[in-house]
*Asks:* 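Okay, handing you the structure first.
Quick caveat: nothing in here was measured; it's all calculated off a predicted structure. Residue numbers start from 1 in every chain, and the chains themselves are labelled A, B, ... in the order their sequence lines are given, proteins ahead of strands.
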Amino acid sequence: MSPALHELLSRPAPDVAPRLLGAVFVCARDTGTVALRLTEVEAYGGQQDADLPDPGAHTFRGRTARNASMFGPPAHLYVYFTYGLHHAVNFVCRPEGTGGGVLIRSGEVVLGEETATRRRLATRSSHPPFATLARGPGNVAQALGLTLDDDAAPLVDLGATPDPVARAREAVAEREGTVWSGLALAEHPAEDVRSTARTGVSGEGGTDAFPWRFALPGEPTVSPYRRATVKRRRTR
DNA sequence: GAGGCGATTGCCT
DNA sequence: GGCAATCGCCTCT
């Protein structure tokens with residue numbers, strides 16, 4: 001892979017995340033190819049020796065079997081399974097070798113709309129509106145066809161171009177018939193980026209102390225903000 | 001070895 | 001706005 005993406009993802013996640021908005025994330029699978037123009041991401045920091053320990057991150061309590069890939073080389077995927085039914089995907093970052101990542105929260109489907117729709121219909125009773133095909137982390141993973149099998153998979157660097165969508169299309173054609181994931185960066189960073197507290201993160205990590213959710217304003221594909229669910233004791 | 005609960009989603013009221 | 005669904009990681013006993 002060329003050094004550009006690797007160099008970018010070697011930086012701390014909060015620096016990387018806003019730069020990913022507008023980039024195009026391609027996942028080519030046997031079951032179809034889908035590409036997303038990223039509109040919403042969240043940064044998750046490294047462990048104790050990062051500048052700012054991140055209590056909202058999976059890395060916070062150290063390396064485990066589940067989060068091992070987050071401590072691996074940058075420019076790889078970290079896919080995890082949660083709530084017994086959803087997958088979510090991160091790009092692994094590496095601030096000073098402490099682990100970290102950028103959660104892909106939402107994107108606009110720019111390639112493979114039919115495939116994405118078919119995958120999403122597997123768990124829905126109604127046809128998903130276009131803007132919701134990849135809105136929310138669980139929906140992103142489902143639309144792209146990502147599962148735990150894709151954890152630690154490498155991210156192919158498709159370069160930085162003025163037209164990442166076109167670049168993604170070219171790459172899909174070039175690599176027809178193979179299974180791969182890749183990222184085409186936008187040549188220029190998005191000018192208008194909104195940062196807020198992270199969605200669904202409980203405790204201190206979900207407050208304004210960590211304004212590490214980044215989104216493109218005005219995009220219909222950006223997920224609504226939700227607070228972390230309040231813990232309720234099970235009543236037998 | 002057991003139990004709590006999560007970087008969520010979609011349907012129901 | 002409430003809450004069920006559903007599984008496995010992680011913590012504590």
*Asks:* Confirm from the modelled atom types if Tyr80(A) and dA7(B) form a donor-acceptor pair under 3.5 Å, side chain to base only.
*Replies:*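 Counting by modelled atom types and ignoring angles, a donor-acceptor contact under 3.5 Å is found here.
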*Asks:* Enter the distance from Arg11(A):CZ to Cys93(A):SG here, rounded to the nearest 0.5 Å.
*Replies:*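 So the CZ of Arg11(A) and the SG of Cys93(A) are separated by 10.0 Å.
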*Asks:* Could you check which of dT9(B), dA5(C), dC9(C) has an atom nearest any side-chain atom of Arg66(A)?
*Replies:*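 So the side chain of Arg66(A) is nearest to dC9(C).
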*Asks:* Measuring only the P atom in each nucleotide, how far is dT13(C) from dC5(B)? A whole number of Å is fine.
*Replies:*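 Pairwise P distance, dT13(C) against dC5(B), rounds to 14 Å.
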*Asks:* Under 4.0 Å, heavy atom to any atom of DNA chain B: which of residues 101-116 of chain A qualify?
*Replies:*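 When residues 101-116 of chain A is checked for heavy atoms under 4.0 Å from DNA chain B, the hits, listed by number, are Leu103(A), Arg105(A).
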*Asks:* I want to verify a distance call: between dA7(B), dG6(B), dC3(C), whose nearest atom is closest to the Val201(A) side chain?
*Replies:*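 The closest nucleotide is dA7(B).
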*Asks:* Using the rule that two of Ile, Leu, Val, Met, Phe, Trp, Tyr join whenever any of their side-chain heavy atoms come within less than 4.5 Å, decide whether Val222(A) and Val193(A) are in one cluster.
*Replies:*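 Different clusters.
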*Asks:* Anything under 3.5 Å between a donor and an acceptor, one on a side chain of residues 83-91 of chain A, the other on a protein residue two or more places apart or in another chain? List them.
*Replies:*
residue  : atom : partner   : partner atom : Å
Asn90(A) : OD1  : Leu103(A) : N            : 3.4

*Asks:* Go through it in stages, so that I can follow the logic: the residues are Leu9(A) and Leu155(A), the test is side chain to side chain contact (heavy atoms under 4.5 Å, CB included), and I'd like the CA-CA distance, side-chain angles, deciding distance and then a yes or no.
*Replies:* CA-CA 11 Å; Leu9(A) 292 180; Leu155(A) 194 56; 4.3 Å; yes
*Asks:* If you measure from CD on Glu40(A) to OG1 on Thr221(A), what distance do you get to the nearest 0.5 Å?
*Replies:*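 Answer rounded to 0.5 Å: 8.0 Å.
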*Asks:* dA7(B) phosphate, OP1 or OP2: any side-chain N/O from His58(A) under 4.0 angstrom?
*Replies:*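 It does, given that an N or O in the side chain of His58(A) lies less than 4.0 Å from OP1 or OP2 of dA7(B).
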*Asks:* Where the side chain of Arg124(A) is defined as all heavy atoms beyond and including C-beta, which of dG8(C), dG10(B), dA7(B) is the nearest nucleotide?
*Replies:*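 The answer is dG10(B).
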*Asks:* Would you write the dot-bracket representation of DNA chain C, where each base gets (, ), [, ], | or . depending on whether it forms a Watson-Crick or G-U pair under 3.5 Å and with which partner?
*Replies:* |||||.||||||.
*Asks:* If you take any heavy atom closer than 4.0 Å to DNA chain B, which residues from residues 125-140 of chain A end up in contact?
*Replies:*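 Heavy-atom contacts with DNA chain B come from Ser125(A), Gly136(A), Pro137(A), Gly138(A), Asn139(A).
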*Asks:* Picking from dT8(B), dG10(B), dA7(B), which would you name as closest to the side chain of Tyr83(A)?
*Replies:*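 Within the option list, the nearest is dT8(B).
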*Asks:* Looking only at the side chain of Asn90(A) (C-beta and beyond, no hydrogens), which of the listed nucleotides dT9(B), dG6(B), dA7(B) gets closest?
*Replies:*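 In terms of side-chain proximity for Asn90(A), the closest of dT9(B), dG6(B), dA7(B) is dA7(B).
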*Asks:* Less than 4.0 angstrom from a charged side-chain N to a carboxylate O is my criterion; do Arg29(A) and Asp150(A) meet it?
*Replies:*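 Here Arg29(A) pairs with Asp150(A) in a salt bridge, since their nearest N and O are under 4.0 Å apart.
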*Asks:* Could you list the donor-acceptor pairs under 3.5 angstrom formed between side-chain atoms of residues 122-144 of chain A and any protein atom two or more places apart in sequence or on another chain?
*Replies:*
residue   : atom : partner   : partner atom : Å
Thr123(A) : OG1  : Gln142(A) : OE1          : 3.4
Thr123(A) : OG1  : Gln142(A) : NE2          : 3.0
Arg124(A) : NE   : Ser126(A) : O            : 3.0
Arg124(A) : NH2  : Ser126(A) : OG           : 3.2
Thr132(A) : OG1  : Pro129(A) : O            : 2.8
Arg135(A) : NH1  : Pro220(A) : O            : 3.1
Asn139(A) : OD1  : Arg120(A) : NH1          : 3.3
Asn139(A) : ND2  : Arg135(A) : O            : 2.7
Gln142(A) : NE2  : Arg119(A) : O            : 3.2

*Asks:* Measuring from atom CZ of Arg169(A) to atom CG of Leu158(A), what distance do you get when rounded to the nearest 0.5 angstrom?
*Replies:*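 Between Arg169(A) CZ and Leu158(A) CG, I get 13.5 Å after rounding to 0.5 Å.
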*Asks:* Any salt bridge between Arg105(A) and Glu42(A), counting N to O under 4.0 Å?
*Replies:*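 Salt bridge present between Arg105(A) and Glu42(A).
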*Asks:* Which residue, Tyr44(A), Tyr80(A), Phe81(A), forms the ring pair (Phe, Tyr, Trp, His ring centres under 6.0 Å) with His58(A)?
*Replies:*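 It is Tyr80(A), the one option of Tyr44(A), Tyr80(A), Phe81(A) that forms the ring pair (Phe, Tyr, Trp, His ring centres under 6.0 Å) with His58(A).
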*Asks:* Atom pairs, N/O to N/O, protein against nucleotides 11-13 of chain C, distance under 3.5 Å?
*Replies:*
none

*Asks:* Reckon Arg120(A) has a side-chain N or O less than 4.0 Å from the OP1 or OP2 of dG10(B)?
*Replies:*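 Affirmative; the distance criterion is met.
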